[in-house]
Number of protein chains: 2
Amino acid sequence: MSDDNEALIDDLSRSIQPRLSDACGALGGLAFWPGGGVGLTSKPIQVSYAYQQIAEEIEAQILRGELKPGDQLPGEAELGTLFGVTRSTVREGLRQLESDGLVHRPSPRRMEVTVPQADQLTTRAGRAMALMKVTFRELWEVTMVTEPLAARIAAQRATADEIEALQQVHADLLAAEGKMARTIELDQQFHTQIGDMARNRVLGLAREPISLLLFRGFAQIAPFAPKFYKRQIEAHSNIIAALRDRDADRAEKWARMHIEDFWRGAQIAGLEDEIALNARALSGQTERQT
Amino acid sequence: MSDDNEALIDDLSRSIQPRLSDACGALGGLAFWPGGGVGLTSKPIQVSYAYQQIAEEIEAQILRGELKPGDQLPGEAELGTLFGVTRSTVREGLRQLESDGLVHRPSPRRMEVTVPQADQLTTRAGRAMALMKVTFRELWEVTMVTEPLAARIAAQRATADEIEALQQVHADLLAAEGKMARTIELDQQFHTQIGDMARNRVLGLAREPISLLLFRGFAQIAPFAPKFYKRQIEAHSNIIAALRDRDADRAEKWARMHIEDFWRGAQIAGLEDEIALNARALSGQTERQT
DNA sequence: TATGCCTGATTGTCGGACACTAGAACAAAG
DNA sequence: CTTTGTTCTAGTGTCCGACAATCAGGCATA
């Protein structure tokens, strides 16, 4: 494998500034400000550790295209000699890259460059939103534009097979009546699937974590609004029908009404400015890529 | 500090399964499939390393709320004894959490729990979109709904000060005519600022990386469309005016026209299905939090 | 050809070590 | 009493060396 990596090795070997830790505390010429304590330009003075530099250097080479997805990284020991640091230090850097999603490990022996996976970003964003305690209102306001957009584009681009698969999810959803957890799961899947049909990765990335959180509210709304479930189901049917007819306007309209209706339910349940999700509920879903 | 951490320590000490590495390769009862090679349920068989378990355990406790933002983590050595692993192993886990944004280091001596920072997520998402080579079309389709939404809500919620600040950015933008890099920067800031005025963190999270990438196209459009720059500026003026009047509909309308116009420019420049950004361009901006 | 075995390279984890520094406690000076 | 300087200690970044487990690949065997 060393033949294949010759080039990589050459590229990677921008050796780390020797003995960074020594230079850590060195605060770069901090100008004295005569006007008193206030107004001092508070520069962050960020220290840079060796393991960070390792991660940054490799990351930069990935972004610059010198390392492409699929390329295999040299061994840890080799990286160590290349950068002039110990294997332990290299490892810490690799862990960062790993959880950044820029490298992954197809086999425990190989470490290769990859592009961040969508589901990983979704988890990340969802976690962040939960931790920053976003409200249903915030989620809803955005969903109010993303889902109709997804439906509209999906009507133009979805394949017949995809629409069929969506129909199947809808059927499963009907069959799951009464089982709340399953209902929510299938409801989310329904929307995710429409999102995928739009063939827009940006939209997919943006809407997924949001709808994931928002539609959990289902469980909190249903008990308060008897007809809520039925209306939601009907909306789904209408969306599917519109998709079948390739009627973008109608698909968009029904999606909008669907989300509007969701909001009415949320209002009845008094959820408007409630925190959408105590992060605890997400704790089970941590899926760290390996 | 050990007094304050007594509770944390108790909580944290769910000790890691002893000797995980030994159980690594153990492939869980793989059922033999008599029908031939095809149809075998290819289970991922994910091994779990000690450093991952450390990260996951601490992460879970953060999500569960047992560790709250601002809490200080015990020292590495202490964590090591709590989990029953070496300090090196703990460190690798901490590096993951660090780049996940769940913990950070206000001072090189303290490691405390925090909620993921928005700008970090933005960087992450932007990098991912660049690496997956999204097209201008994908970005534009989503921007076409996010920016009008941001403008609409901003018209309802922005403070007078914020509108004033926006006006200032606009003035700077006018003054920067001809300087492309600066123009793009200020244009992005203009939109970001409107996004912030909407006081919707979900919207902010969703739209920021997208607009960041999309509006870079400015540089590629301007040379092809002489009047493009002027029209964009005018649209900005009109948006500000609408915000001043608290006219949500008009703000939304102008934002939409603004983005539509951007698309016309993109068409003239032939960018529709071009890759929005070679990731290289992002490589300079890596800002790893410390 | 397909199977089993052996070997080298790589990885996960360990334990110990050292220099350096932030933070606190303390002493001296205005 | 506040401000400045000193000392000490715990904790961090980095290094070193080591070991068991495992994967990849070559080789021998059936």
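Letters A, B, ... mirror the listed sequences (proteins, then strands); counts begin at 1.
For the OP1/OP2 pair of C:dG12 and a distance below 4.0 Å, the side-chain nitrogens and oxygens of A:Arg95 include at least one atom meeting the criterion. Between B:Thr89 and C:dG12, a side-chain N or O to OP1/OP2 separation shorter than 4.0 Å is absent. Contact between the side-chain N/O atoms of B:Arg105 and the OP1/OP2 oxygens of D:dG13 is found at a separation under 4.0 Å.
One interatomic measurement links the two molecules: CG of B:Leu73 to C1' of D:dG11, which rounds to 13 Å at whole-angstrom precision. A:Glu92 has its CD atom 10 Å from the P atom of D:dC15, to the nearest Å. The distance from atom CE of A:Met111 to atom P of C:dA9 is 21 Å, rounded to the nearest whole Å. Protein atom CG of A:Leu94 is 14 Å distant from nucleotide atom P of C:dT10, rounded to whole Å. Between the P atom of C:dT10 and the CG atom of A:Leu79 lies a distance of 11 Å, rounded to the nearest Å. Distance CD (B:Gln72) to C1' (D:dA10): 12 Å, rounded to an integer number of Å. One can place CD of A:Gln53 at 12 Å from C1' of D:dG13, the figure rounded to the nearest angstrom. Residue B:Glu78 contributes atom CD, which lies 11 Å from atom C1' of D:dA10 at whole-angstrom precision.
Under 3.5 Å, the side chain of A:Arg87 and the base of C:dG12 form at least one donor-acceptor pair of N or O atoms. Between the side chain of A:Arg109 and the base of C:dT11, no donor-acceptor pair of N or O atoms lies under 3.5 Å.
Interatomic distance, CG of B:Asp100 versus CD of B:Gln120, reported as 8.5 Å (0.5 Å rounding).
Nearest-nucleotide mapping onto DNA chain D: of B:Glu76 and A:Ser107, the residue sitting toward the 5' end is B:Glu76. Where A:Arg110 and B:Arg110 each meet DNA chain D at their nearest nucleotide, the meeting point lying more 5' is that of B:Arg110.
Comment: B:Arg95 engages B:Glu98 in a salt bridge, judged by a side-chain N to carboxylate O separation of less than 4.0 angstrom. A:Lys133 and A:Glu138 are not joined by a salt bridge, as no carboxylate oxygen comes within less than 4.0 angstrom of a charged side-chain nitrogen.
Under the 4.5 Å side-chain criterion, counting only non-hydrogen atoms from C-beta, A:Leu121 is in contact with B:Arg124.
Here the closest non-hydrogen pair linking A:Gln188 and A:Ser211 is NE2-O, 4.3 Å.
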